[in-house]
2 protein chains.
Amino acid sequence: MHKFILMEENYLTYPKHFVAVDCIIFGFDGDDLKILLVQRNFEPKKGEWSLMGGFIDDKENSDQAANRVLNTLTGLENIYLEQLNTYTEIDREPTARIMSISYYALINIQDNIQINEKYSAKWFDFKDRPDLIFDHNVMVKDAVLRLRRRATTRPIGFELLPEKFTMKDLQNLYEAIFDEKYDKRNFTSKINALDVLVKTNEKDMSSSKKGSFLYTFDEEKYNKKISEGFMFKI
Amino acid sequence: MHKFILMEENYLTYPKHFVAVDCIIFGFDGDDLKILLVQRNFEPKKGEWSLMGGFIDDKENSDQAANRVLNTLTGLENIYLEQLNTYTEIDREPTARIMSISYYALINIQDNIQINEKYSAKWFDFKDRPDLIFDHNVMVKDAVLRLRRRATTRPIGFELLPEKFTMKDLQNLYEAIFDEKYDKRNFTSKINALDVLVKTNEKDMSSSKKGSFLYTFDEEKYNKKISEGFMFKI
DNA sequence: ACAAAAGTGTTCGTCTTACACCCATGT
DNA sequence: ACATGGGTGTAAGACGAACACTTTTGT
């Protein structure tokens, strides 16, 4: 039978635990959804692929830890990060009991990122990612579900696309996230109905002879819509 | 500048933390959404209202800890519990740094619950709950958002209603969760379209002279629908 | 002139919403 | 007989899904 441990006096007699964060880092290159993974350079499981993680320090909260980890790996600041789940199985890592709070990040690959070489990190096609250590596969599966939910709730492109993008880019992004194909006409009119994009008069000439118009997000309108609680359903 | 703490060798040099669980316990009495709160019987904030919580032991994961806490308070087993967020602000409690993983529970108040008297717990109308200690108000706000999301994704009545219930009960429950009123005819036909209820030939005579039919959930159909990924939108 | 991608509207069916009257029964 | 809550259907509008042709321009 289990010894009772409830919130009572004498805090200090209770056990303490290692707590880490692990980041599921999503990117988009215009065609495919990507995930940034690191190759472990220490035992156990040295050489295998894993999420980028780090322990939480005494002087930071978990959001700060996740930002720090991400910044150490990519040099980026102010990245979109969202807490997901906390994994607490006793034997989830073999070395010691370590709880882990997962975070997912959305980053725009085009911001030329200087990946810290110390961590042997690599972008993988999401659909073609390697098997990961420990429970990291589960974390990734949970994260993509959240990403999809988030994408139905708000147009997520802000974070994953460059400042200017074509309608095709945006459609490719949604198709990559949901692993589905959409009709171009329906997609366009749904996006236009949202009324959060601004059509610039520049064209991207790289993909066709005709060229396709570039759009930007109207951040103000977008934030207004969010605060009014709109839902974006593809 | 911050000292780097990343996942590397020498796990044991990293700091450890207190980690607790806190339970947001929802109930439904047929009319109103309820929340079960406990009055602290120790300092700090002795006498004030809070969520029921407890520290995570070395030999249990957080789900088990949440179940234990809930069981200690109510004597109930196998309650629907779902992990929510993890709160890690350094000063979220004044005594020591304690991280807390929140869980929400759905319980059917009619199962005559023997609340452990040691904890001076009390059911409050959700809309009329007292101010809570620390960041527990935030936890509750986050929890009700999740409850609403969950309720749009699956008919949640299983957990919050007694085995047999009237259509009115179910409507009252959804109205309580969303704090909105629905049209009786539309509600009924939407529920019927879901095809997960079984109409018994018993009536509840307590609410009217005519009496109203009692329903049960068809658990098999319900699980089948869930696995097919249906969405229940009110 | 042709190849290759961009851009654009309409129709049909389904779902959502608004709305009001009769029913069964106990008193 | 009447008061109380229970139970039911329909019409109008909004929304989602399916679908194909014209435009532009570089080669």
Side-chain angles (χ1 to χ4, degrees), chain A residues 30-32 148 151-153 155 157 161 164-176 178-216 225 228-234, chain B residues 29-32 148 151-153 155 157 161 164-176 178 180-216 225 228-234:
Chain A
D31 291 315
D32 296 301
R148 283 179 187 166
T152 65
T153 258
L161 290 170
K164 293 175 186 175
F165 52 88
T166 65
M167 199 56 89
K168 188 97 208 294
D169 290 334
L170 190 57
Q171 181 171 349
N172 282 347
L173 171 58
Y174 273 88
E175 291 184 342
F178 289 98
D179 194 19
E180 279 191 44
K181 291 288 172 198
Y182 302 109
D183 179 88
K184 182 172 49 157
R185 289 159 289 188
N186 291 339
F187 185 84
T188 308
S189 55
K190 201 167 287 190
I191 294 287
N192 285 332
L194 278 180
D195 190 29
V196 293
L197 294 195
V198 183
K199 189 179 199 164
T200 69
N201 43 25
E202 295 170 68
K203 282 190 164 193
D204 166 37
M205 301 307 295
S206 69
S207 62
S208 72
K209 327 208 155 166
K210 188 179 177 183
S212 56
F213 279 105
L214 289 165
Y215 292 79
T216 61
K225 299 246 171 185
E228 288 164 0
F230 81 120
M231 166 137 325
F232 175 64
K233 211 167 131 270
I234 283 290
Chain B
D29 67 357
D31 292 314
D32 297 302
R148 282 179 188 166
T152 64
T153 258
L161 290 169
K164 293 175 185 175
F165 52 88
T166 66
M167 199 57 88
K168 189 96 206 296
D169 290 333
L170 189 57
Q171 183 171 348
N172 283 346
L173 171 59
Y174 272 88
E175 291 183 343
F178 289 98
E180 279 192 43
K181 290 289 172 198
Y182 302 109
D183 180 88
K184 182 171 51 159
R185 289 159 290 188
N186 292 340
F187 185 85
T188 307
S189 55
K190 201 167 285 189
I191 294 288
N192 284 332
L194 278 179
D195 190 29
V196 294
L197 294 194
V198 183
K199 190 179 199 163
T200 68
N201 42 26
E202 295 169 68
K203 282 190 163 190
D204 166 38
M205 301 307 295
S206 68
S207 63
S208 73
K209 328 209 155 169
K210 188 179 177 181
S212 56
F213 281 104
L214 290 165
Y215 292 79
T216 60
K225 299 247 170 183
E228 288 163 0
F230 79 123
M231 165 139 324
F232 175 65
K233 207 167 133 272
I234 282 292

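Naming convention: chains lettered A, B, ... in sequence-line order (proteins, then strands); numbering from 1 in each chain. Here the structure is a predicted model, which means the values were calculated and not measured. Computation of the quantities below employed the complete heavy-atom set of this structure, encompassing side-chain atoms and omitting hydrogens, waters and symmetry-equivalent molecules.
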**OP:** Give the ring-plane orientation class for B:Tyr174 versus B:Phe178, where under 30° counts as parallel, over 60° as perpendicular and anything between as tilted.
**Re:** parallel
Subject >> Check against side-chain contact (heavy atoms from CB on, under 4.5 Å), A:Tyr215 and A:Lys164 >> reply: CA-CA 5 Å; A:Tyr215 292 79; A:Lys164 293 175 186 175; over 6 Å; no
Atom pair distance, as rounded to whole Å: [atom1] in [X] and [atom2] in [N]:
X	N	atom1	atom2	answer
B:Asn186	D:dG7	CG	C1'	14 Å
A:Phe187	C:dG9	CZ	C1'	18 Å
A:Asp183	C:dT8	CG	C1'	11 Å
B:Met167	D:dG5	CE	C1'	15 Å
A:Lys190	C:dT8	NZ	C1'	17 Å
A:Tyr182	D:dA17	OH	P	10 Å
B:Leu194	C:dC15	CG	P	12 Å
A:Ile191	C:dT8	CD1	C1'	16 Å

Nucleotide nearest [X] (side chain, heavy atoms from C-beta), chosen from [options]:
X	options	result
B:Lys168	D:dG6, C:dT8, C:dA20	D:dG6
A:Thr188	C:dG7, C:dT8, D:dG7	C:dT8
B:Ser207	D:dG6, D:dA17, D:dG9	D:dG6
B:Lys209	D:dT25, D:dT4, D:dG9	D:dT4
A:Lys199	C:dT8, C:dA18, D:dT8	C:dT8

Subject >> Worked check of side-chain contact (heavy atoms from CB on, under 4.5 Å) between A:Leu214 and A:Thr166 >> reply: CA-CA 5 Å; A:Leu214 289 165; A:Thr166 65; 3.8 Å; yes
Original post:
Looking only at N and O atoms, is any donor in the side chain of B:Lys210 or the base of C:dA24 less than 3.5 Å from an acceptor on the other one?
Top reply: no
Original post:
Checking A:Lys199 against A:Phe213: charged group under 6.0 Å from the ring centre and within 45 degrees of the axis?
Top reply: yes
Original post:
Taking for each residue the nucleotide of DNA chain D bearing the nearest heavy atom, is the 5' side occupied by A:Arg185 or by B:Thr166?
Top reply: B:Thr166
**OP:** Please figure out whether B:Ser189 or A:Met205 has its closest DNA chain D nucleotide nearer the 5' end.
**Re:** B:Ser189
**OP:** Look at all strands and tell whether B:Lys184 reaches a base, only sugar-phosphate, or nothing, counting heavy atoms closer than 4.0 Å.
**Re:** base
Output side-chain donor-acceptor pairs under 3.5 Å for residues 187-196 of chain A, partner residues at least two apart or in another chain, one line each.
| residue | atom | partner | partner atom | Å |
| --- | --- | --- | --- | --- |
| A:Thr188 | OG1 | A:Lys184 | O | 2.7 |
| A:Ser189 | OG | A:Arg185 | O | 3.1 |
| A:Ser189 | OG | A:Asn186 | O | 3.2 |
| A:Lys190 | NZ | A:Lys233 | O | 3.4 |
| A:Asn192 | ND2 | A:Thr188 | O | 3.3 |
| A:Asp195 | OD1 | A:Lys221 | NZ | 3.2 |

Original post:
Want to settle it: does B:Ser208 or A:Asn192 sit nearer the 5' end of DNA chain C, counting the closest nucleotide to each?
Top reply: A:Asn192
